[in-house]
Asks: 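Below you will find the structure I want to go over with you.
Residue numbering restarts at 1 for every chain, and letters A, B, ... go by the order of the sequence lines. In this text the structure is predicted, and so the values were computed from the model without any measurement.
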2 protein chains.
Amino acid sequence: MTNSPTLKEVAQRAGVHVTTASRALNPATSSLVNPATMRRVQAAARELRYQPNAMARGLKTARSMSVGVLIPDLTNPLFPPIVRGIEDVLAAAGYTTLIANTDNDPDRQVKLFDTLRARQVDGLVVATAHREDGLFIDAHRAGTRIVLVNRRVDHSDIPSVTGDDHDGIAMAVRHLIDLGHTRIAHVAGPQDTSTGRGRLRAYRQALDDAGMTLDPGLVVAAKGFTELEGARATRAMLDAGKVPTAVVAANDMIALGCLDVFGERRLRCPQHISLVGFNDMPFIDRLTPPLSTVRVPHYQIGAEAARMLLDRFGNPDLPTKSITLPATLVLRESTAPPSR
Amino acid sequence: MTNSPTLKEVAQRAGVHVTTASRALNPATSSLVNPATMRRVQAAARELRYQPNAMARGLKTARSMSVGVLIPDLTNPLFPPIVRGIEDVLAAAGYTTLIANTDNDPDRQVKLFDTLRARQVDGLVVATAHREDGLFIDAHRAGTRIVLVNRRVDHSDIPSVTGDDHDGIAMAVRHLIDLGHTRIAHVAGPQDTSTGRGRLRAYRQALDDAGMTLDPGLVVAAKGFTELEGARATRAMLDAGKVPTAVVAANDMIALGCLDVFGERRLRCPQHISLVGFNDMPFIDRLTPPLSTVRVPHYQIGAEAARMLLDRFGNPDLPTKSITLPATLVLRESTAPPSR
DNA sequence: TTGTAGGCGTTATCAG
DNA sequence: CTGATAACGCCTACAA
């Protein structure tokens, strides 16, 4: 951006040494400087619209005051609220957020991770972790500050903030049972993610708790949390002759895919078949029909993760913790008693 | 991130001087170095997972290899596609994107602008400009590299990439006229933005071109491109006793607000009243009813803006240009002939 | 082809 | 309270 004024110029204008100017402008050290000179320096800084050069400062202090955020894809409406939560908390603390889209591509993820390292980010918020993600396990072990959001890594003590998957699914299944459903299917998510796996387990357990036996044909797994994959998996189930009266989708994107297939097969929702999603992502309430789903407080997840990261900056030896935020069942119009 | 290896360490491991290591690792200068030593250096770099410190490099080269992006709010589904377009092009050129949300708050915008300046961004992509936006006019004049997306600034030669608002609205109005509508309203956007103003003008002109006289009561302006404001403005129009048979909304968010009010007033869309939005933002096709709207290629707008910025980095004296990308009318189920 | 010296803008550490 | 000096990690003349 052309030529930013430097501290030296501010100092000259104020008639003091660079060091003094530095001290005057730095809240932490400004108490050591004469109020009068302080005012002069601040005036000069204001007049020149001085902004300290973050790169120079970072080089000296070995802190970039920036945090990297790894997400699969910003255009998936699930993530912007999380990112906003992160940004709002971080910005208030003076940190800048660097967002990187991995597109679920491991190579890309490594590359982006390295770019972020090159930029000397002080820490990372990661929404793309897989259950056995060597990249983050190693980095965490090596001392990189990482907080996981949404998904966890198996057998690892990387701190994390997630929604209550287990309880969310339990409520969804319970709700369908209460409506009278007995053939409840699950279109699961990818099993190499903690969310995909955890929600499937929760579904199994919920049926078990209700004393219902599970029909393995009513469980299919999507290979990604996408509409297309949700549709593919649902089609596979239906094509195998398994027609449930209700479906619990592993997330809202997958539920969208279910809905697409219901349309193809002339299955009206909720008259012929009920559907529950997961996440309550933006705009899912305006679908036809408005989707019943499990709400997870995404903004708070992001905000909490950022706070956790900041805490760890302050005290690097803080014990690892994992926060689970409560889920809520949001009933709209995609669920109804089974038709006979 | 703990202690990144430095160039010095790489050099030591390879048994060469720092300078040589620097040259070996830098594509531009690597031709000056002995192939054998080059291999040694590269091996050492790989083993240490060396990443050049972007801050140190930036300090020396006076370029941060980063670009700031100013948007109102990431959770508005209009923006993620634009941001993705920007990021994809920029990342391919080795640039990092810094996203900042202004929330339409001028003070916040100034603050974020300064933060970005502090980070020494090499340029800016701005989606938040107002028609008379002193901040960007001044910055542009002072030599800051800026490209505007979506919105323009009046009487200014800041380069920009926008969708074809005029043609888009013209097609929408034409379509409604062709369906037989004669009482066509416009819920306009904020008039201090080029999009809000431009679309209103286009609406007027389109009526005029069709030889229809404009009923001033059928034009209301929202104070923001939001669902709430769209609803407020629509309510005001209806409360004034003006009931159109069709509405052209200044964008999809406003259209959402229109739909809300139609619901309140028991006006069925499209049976009783037709509606056309603008932007074709994600998920607007899954509404009840699926919204007819004007599609603007947002990803391409972002990508094109990034390319323009890169061009200007390469040649700072490039003449300013403004690119307009074509709009398309997307007909879905929110428009129908007027009922009698 | 490789090494030496200096400096980018800032702050930490001394000394005055 | 203020000033001098060095250093952060990298790059770029210039010299060898």
Side-chain angles (χ1 to χ4, degrees), chain A residues 1-42 44-45 48-66 94 117-122, chain B residues 1-42 44-45 48-66 94 117-122:
Chain A
M1 322 255 286
T2 6
N3 38 23
S4 307
T6 82
L7 194 56
K8 187 153 66 169
E9 298 175 60
V10 174
Q12 272 165 1
R13 179 176 259 258
V16 297
H17 193 91
V18 219
T19 314
T20 311
S22 170
R23 274 194 284 259
L25 263 18
N26 199 317
T29 50
S30 61
S31 53
L32 305 175
V33 60
N34 186 307
T37 57
M38 169 117 149
R39 271 194 300 278
R40 286 219 314 289
V41 174
Q42 287 182 326
L48 294 174
R49 304 212 67 216
Y50 170 73
Q51 282 289 128
N53 183 322
M55 293 191 302
R57 172 178 284 175
L59 187 57
K60 180 65 196 174
T61 60
R63 317 184 56 213
S64 64
M65 295 300 281
S66 69
R117 276 207 312 145
R119 295 217 116 83
Q120 308 290 118
V121 294
D122 297 329
Chain B
M1 321 256 284
T2 7
N3 38 23
S4 308
T6 85
L7 193 55
K8 186 152 68 167
E9 299 175 58
V10 174
Q12 272 165 2
R13 179 176 258 259
V16 298
H17 196 89
V18 219
T19 312
T20 312
S22 170
R23 274 194 282 259
L25 263 18
N26 199 317
T29 50
S30 61
S31 54
L32 306 175
V33 61
N34 186 306
T37 57
M38 169 116 148
R39 270 195 300 280
R40 287 219 313 288
V41 173
Q42 287 183 325
L48 295 175
R49 307 211 65 217
Y50 170 73
Q51 283 289 130
N53 183 322
M55 294 190 303
R57 172 178 284 174
L59 188 57
K60 178 66 196 174
T61 60
R63 317 183 57 213
S64 65
M65 295 299 282
S66 69
R117 275 207 313 146
R119 298 243 168 226
Q120 307 289 119
V121 293
D122 297 329

Asks: List in numerical order all residues of residues 24-32 of chain B for which some heavy atom is under 4.0 Å away from an atom belonging to DNA chain D.
Replies: none
Asks: I need the minimum non-hydrogen distance between B/V10 and B/A44, along with the two atoms involved.
Replies: O-CB, 3.8 Å
Asks: Could you tell me how far apart A/K8 (NZ) and D/dA4 (C1') are, to the nearest whole angstrom?
Replies: 14 Å
Asks: Rounded to the nearest 0.5 Å, what separates atom OG1 in B/T6 from atom CD in B/Q51?
Replies: 13.5 Å
Asks: Tell me whether the OP1 or OP2 atom of D/dG9 has a side-chain N or O from B/Y50 closer than 4.0 Å.
Replies: no
Asks: For A/R40 and D/dC1, what is the distance between atoms CZ and P respectively, to the nearest whole Å?
Replies: 14 Å
Asks: Take the protein atom NZ of B/K60 and the nucleotide atom C1' of D/dC11, then report the distance between them rounded to whole Å.
Replies: 5 Å
Asks: Measure the CG-OG distance between B/L59 and B/S64 for me, rounded to the nearest 0.5 Å.
Replies: 11.5 Å
Asks: So which pairs with a foot in residues 5-31 of chain A pass salt bridge (Lys or Arg N to Asp or Glu O under 4.0 Å), sequence neighbours left out?
Replies: A/R13-A/E47
Asks: Tell me which residues in residues 11-19 of chain A lie within less than 4.0 Å of DNA chain C, going by non-hydrogen atoms.
Replies: A/T19
Asks: For the residue pair A/L7 and A/A21, what are the closest heavy atoms and their distance?
Replies: CD1-CB, 3.9 Å
Asks: When you match B/M38 and A/T61 each to their closest nucleotide on DNA chain C, which lands nearer the 5' end?
Replies: B/M38
Asks: Counting distance only, does the side-chain N/O of B/R40 pair as donor-acceptor with the main-chain N or O of B/A14 below 3.5 Å?
Replies: yes
Asks: Can you tell me how far the CE atom of B/M38 sits from the CG atom of B/L25, to the nearest 0.5 Å?
Replies: 8.5 Å
Asks: Take atom CZ of A/R117 and atom P of D/dG9, then tell me their distance rounded to the nearest Å.
Replies: 15 Å
Asks: What is the first contacted nucleotide of DNA chain C and what is the last, in 5' to 3' order, if contact means an atom lying under 4.0 angstrom from a heavy atom of chain B?
Replies: C/dT1 to C/dG9
Asks: If the helix axis at each end comes from five base pairs, how far does the helix from C/dT1-D/dA16 to C/dG16-D/dC1 deviate from straight, to 10°?
Replies: 40°
Asks: Could you grab the distance from atom CD of B/Q120 to atom CZ of B/R63, nearest 0.5 Å is fine?
Replies: 12.5 Å
Asks: With nearest nucleotide decided by heavy atoms, which residue, A/N53 or B/T20, maps closer to the 5′ end of DNA chain C?
Replies: B/T20
Asks: Might you point out which heavy atoms bring B/M65 and A/R119 nearest each other, and give the distance in Å?
Replies: O-NH2, 3.0 Å
Asks: Say you draw a straight line from CD of B/Q12 to CG of B/L48; how long is it, rounded to the nearest 0.5 Å?
Replies: 10.0 Å
Asks: If you measure from CE on B/M55 to CG on A/N53, what distance do you get to the nearest 0.5 Å?
Replies: 10.5 Å
Asks: Tabulate protein N/O versus nucleotide N/O from nucleotides 14-16 of chain D, keeping only pairs under 3.5 Å, one per line.
Replies:
none

